[in-house]
Amino acid sequence: MNIRDFKEKLFSLGTENGFTDMEVYFNASNNFNVKIFKGEVDNYTVADESGLAFRGLYKGKMGYAFTEKVDETSLGILIEEAKGNAMIIEDEDEVEIFAGSEKYNDFEGYSKALDEFTPEKKIQFAKDLEKEAFALDSRVVAVNYCMMASGEGERIIINNKGLEKSAKDNLAYCYLSVVVKEGENIKTGAKFVASTNITDFHAKKIAEKAVKEAVSMLGAETVKSKNYPVIFRNDAANTMLETFSSIFSAENVQKDLSLLKGKLGKNIASEKITIIDDPLMENGFASTPFDAEGVATYKKEIVSQGKLNTFLHNLKTAKKDGTESTGNAYKASFKGSVGIAPSNMYISPGEKTYDQLVENVEEGIIITDLQGLHSGTNAVSGDFSLAAQGYLVQNGKIIRPVDQITIAGNFYELLNEIEDIADDLEFGLPSRGNFGSPSLRVKGIAVSG
Amino acid sequence: MLDKALVQEVLNQALTTGGDFAEVFVEDTQTTAIGMIGGIVEESNSGRDYGIGIRIFKGHNSVYAYTNDSSKENLLKVASTAAAALKGTKGDLVINLTKVDILNNHPIAKIPNTVSKNQKVEIMKRAYSVAKNYSSEISQVVVRYLDVDQKILIANTEGLFVEDRRIRTRLPIEAIASKGTEKQSGFYGPGAHKGFEFFDGIDVDYYATEAARIATTMINAELCPSGKMPVIIDNEFGGVIFHEACGHGLEATSVAKKTSVFADKVGEQVASELVTAIDDGTIPNAWGSSNIDDEGMKTQKNILIEDGILKGYMIDKLNARRMGMEPTGSGRRQNYKFAPTSRMTNTYIAGGKSTPEEIIANTEYGLFAKYMGGGSVNPATGEFNFAVNEGYLVKNGKIDRPVRSATLIGRGIDVLKKIDMVGNNLGLGQGMCGSLSGAIPTNVGQPMIRVSEITVGGRKGE
């Protein structure tokens, strides 16, 4: 059924049932995914999906409901469920359906060039990726994951307050994970690339990174437990930022789930640290000209040279704090309730190279990979205790690989102990937002071996 | 859910390019999620997931396609698009769909959408107030309520045509304790393959109290020392260590590709002889159970390890072909958006002979991990990590004092061999397991066990 016809019927049924302000959020996407195993297409997935979420004010409370079956049979269910959900809401915070921002930035998230990357080319690329991985080093005994995927989607928000916004975007991404073996020693290495730019998909370069990483870890051993100066390599650093990014959400601050409460305008990090949220970043995985509530987005410094400038707000938290929304309203999918998340969030790069960071370490550890981020971290307290691997550095030189260690510390303390920042900003696997960081050198962290 | 004749037509269409097996999976799922913070309902969302997945095999290759549009025209188009990924000509497979009625091992008494949302909120309020009133140190309590009513239809070119319904309910409770600028949280999330009657059979107060008790114990705990030491892991959710460290490595997904450390080891001693490990999808009304798996095969009780000897793996249909073995009713997926693959259901280490008291009394020095948090593993290397949510030091056979921020790391196969005491108090705990085919409900479980040595990462240093 046409989305605009559906909306008409839904809003009129909603009005009959006592809803005042109403909104539909429609999402449609096409996805492609191919996995290669031993030169053959191991798995091939094509999907077209769509769904619609309704929300509306019923007696001043916001009710939500969603459906993936967009037809007449869902009209009544949506209204009834949204009403039932509104009726049990006890939160007294004012919520609104937004009439629209005065001005929106022009932003084109859809790359026409990406259309040239046909399924056939993607399959060939994935096959090349696997082939290159095996060709690079005889110690590559298996490619346990070789995937190429792409997706394009459209989002439409329409409400009865006059807002109607839509945005289209597309993206391609690949992931390669290799297993290397030397004697009884087995290690894995992986590389992920997401981009709208086809030239970023260079099979040999990607395979080299994954293989080099795996091989470099062969023969890894633990280290003596003690406090070491640590370099978080860019990819490990961006996963740390991602894990603790929720401390900047105004919702968490208001609910007393972030220790940044009362710290606006104060120094919360080393003065070398500037953290940016840029929803209009070119080729950014989370780029968008409007957020999940239809508010215009803009680039902002969350932390400027160590000073906390702003929390990330949606309309509800902004109203509560007597400020403006920062355009960070977020829905995990079209189904979700409105929460808060960063868009493309990153730590500004410094001027030194990664090698220069390493040269300055007398005895320390480079962390290249962190495990257990979902369980070994507490975003409320900032504490972390994580399995890690990387390299041992002595007198400015990498001596050997290190594994079977844990690092433990506190993110709030870590922010203050960053002594140096490299120029190698890199973004990681996107999740609830897209996170980037350059490599960071930290004064000291407890390492257990 | 879908007309048999239409399903047959779609399956036929799927085989036009030489596929030797095709499957249709239809899903219509209703979910309710309510969130309460500080005793106040802040969020309530419900809706309907609906979609159709079409899968085709040709030898060891598979193609998967899905859509939300169930019109005949669209389904035939999707089947054609999927089939086009295989280049070949139609074989002479004859499809004879026969509807099979399955025996329901998981009776449901109160279908979630027949229960008012207010009744659901009442349970949440009870959990909130019990946890909040536990101690003045409890500063915040987050209670969630979730129910899922999933109706599925699975049909395939082997003639299968079967429908099933899975209803699950869960109550995750998180209590946060504060002291100065410090915060610690405690969590308990009971759940079952049951409707609203789940709450008639459980003591909500107990779970709320436990969440609050963990948070207050941990806010007053010292930092955990680090190093290699004996570790005692308590029952129920403690089983997450087997789930992550070994369970994932026993899934056919990694075994078939020989990227698991357990590949080609059937018949070999892979664990201490005290260890028997089982994956059982048939336990009545258990969180990870179902009548049939997501490929339409009856779930089974699969013995993975018996007295330390590796007996078998968890195998789905496609990997069964690759391995030349039989599937074990282990094909699972989050929903129609994922092709199924081998996954765990209710996985546990069977009960042993020691009493929990004996195990602690026999430990001179070590860590007692009473409640485990989540963890993860790299199946290729077997390297795992876990968070300990509630831990204590054990000294001279007695529980000494609580310690926090402990992480356990190691390799699964080493841990299995180092289990030197197994308790007699088997219990199961509920979790969500994320892997290739999405997030699915799984039970983990074990009695109290002792591992002679694990690396403990803590903040205190040695």
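- The pair B:R333-B:D316 does not count as a salt bridge, with every side-chain nitrogen at least 4.0 angstrom from each carboxylate oxygen.
- With hydrogens and angles ignored, the 3.5 Å screen pairs a side-chain donor or acceptor of A:N85 with a backbone N or O of A:Y64.
- Ranking A:A86, A:S50, A:A53 against chain B, the residue ahead of the rest is A:S50, based on heavy-atom pairs under 4.5 Å.
- Looking at B:T31, only its side chain comes within 4.5 Å of chain A, counting heavy atoms on both sides.
- In this structure, no portion of A:L373 lies under 4.5 Å from any heavy atom of chain B.
- With a threshold of 4.5 angstrom between heavy atoms, B:N378 approaches chain A through side-chain atoms but not through N, CA, C or O.
- B:T259 touches chain A through its side chain: at least one heavy atom from C-beta onward sits under 4.5 Å away, while N, CA, C and O do not.
- Considering CG of A:D93 and OG1 of A:T317, their distance stands at 9.5 Å, rounded to 0.5 Å.
- In terms of non-hydrogen atom pairs under 4.5 Å with chain B, the most contact-rich of A:V41, A:V179, A:T377 is A:V41.
- Top candidate by heavy-atom pairs under 4.5 Å with chain B, chosen from A:V447, A:I186, A:V46, is A:V46.
- Of the listed residues (A:A65, A:G63, A:A142), the greatest number of heavy-atom pairs within a distance under 4.5 Å of chain B belongs to A:A65.
- Heavy atoms of B:K337 lying under 4.5 Å from chain A belong exclusively to its side chain.
- Put simply, of A:D42, A:V380, A:D256, the one with the most heavy-atom pairs under 4.5 Å next to chain B is A:D42.
- Contact check on A:K316 versus A:D91 returns a salt bridge, with a Lys/Arg side-chain nitrogen under 4.0 Å from an Asp/Glu carboxylate oxygen.
- A donor-acceptor distance shorter than 3.5 angstrom exists from the side chain of A:S375 to the backbone of B:G374, with no hydrogens or angles considered.
- Both the backbone and the side chain of B:V63 come within less than 4.5 Å of a heavy atom in chain A.
- Heavy atoms closer than 4.5 Å to chain A are found in the side chain of B:Y336, but not in its backbone.
- When heavy atoms are compared at a cutoff of 4.5 Å, B:S70 approaches chain A solely by way of its side chain, counted from C-beta outward.
- Proximity to chain B is absent for every atom of A:E92, based on heavy atoms less than 4.5 angstrom apart.
- For A:N185, no part lies near chain B; criterion is any non-hydrogen pair under 4.5 Å.
- A distance-only check finds no donor-acceptor pair linking the side chain of A:E81 to the backbone of B:G47 [under 3.5 Å].
- Contact of B:I37 with chain A is made through the side chain alone, with heavy-atom distances under 4.5 Å.
- A salt bridge is absent between B:E453 and B:K228: the closest approach of a Lys/Arg side-chain nitrogen to an acidic carboxylate oxygen does not fall below 4.0 angstrom.
- At a 4.5 Å heavy-atom cutoff, B:L86 makes no contact with chain A through either its backbone or its side chain.
- B:L408 does not touch chain A: none of its heavy atoms, backbone or side chain, sits under 4.5 Å away.
- Ring centroids of A:Y145 and A:Y175 are separated by less than 6.0 Å, placing the two rings close together.
- Interface remark: B:V456 contributes backbone atoms only to the contact with chain A (heavy atom separation under 4.5 Å).
- Only the side chain of B:R322 comes within less than 4.5 Å of a heavy atom of chain A; its backbone N, CA, C and O stay farther away.
- Most heavy-atom pairs under 4.5 Å with chain A, from the set B:T381, B:T455, B:N389, B:I56: that is B:T381.
- In this structure, chain A has heavy atoms under 4.5 Å from both the backbone and the side chain of B:I409.
- Side chain of B:K87 to backbone of B:A84: a donor-acceptor contact under 3.5 angstrom is found.
- Contact of B:A33 with chain A is not made at all, since no heavy-atom distance falls under 4.5 Å.
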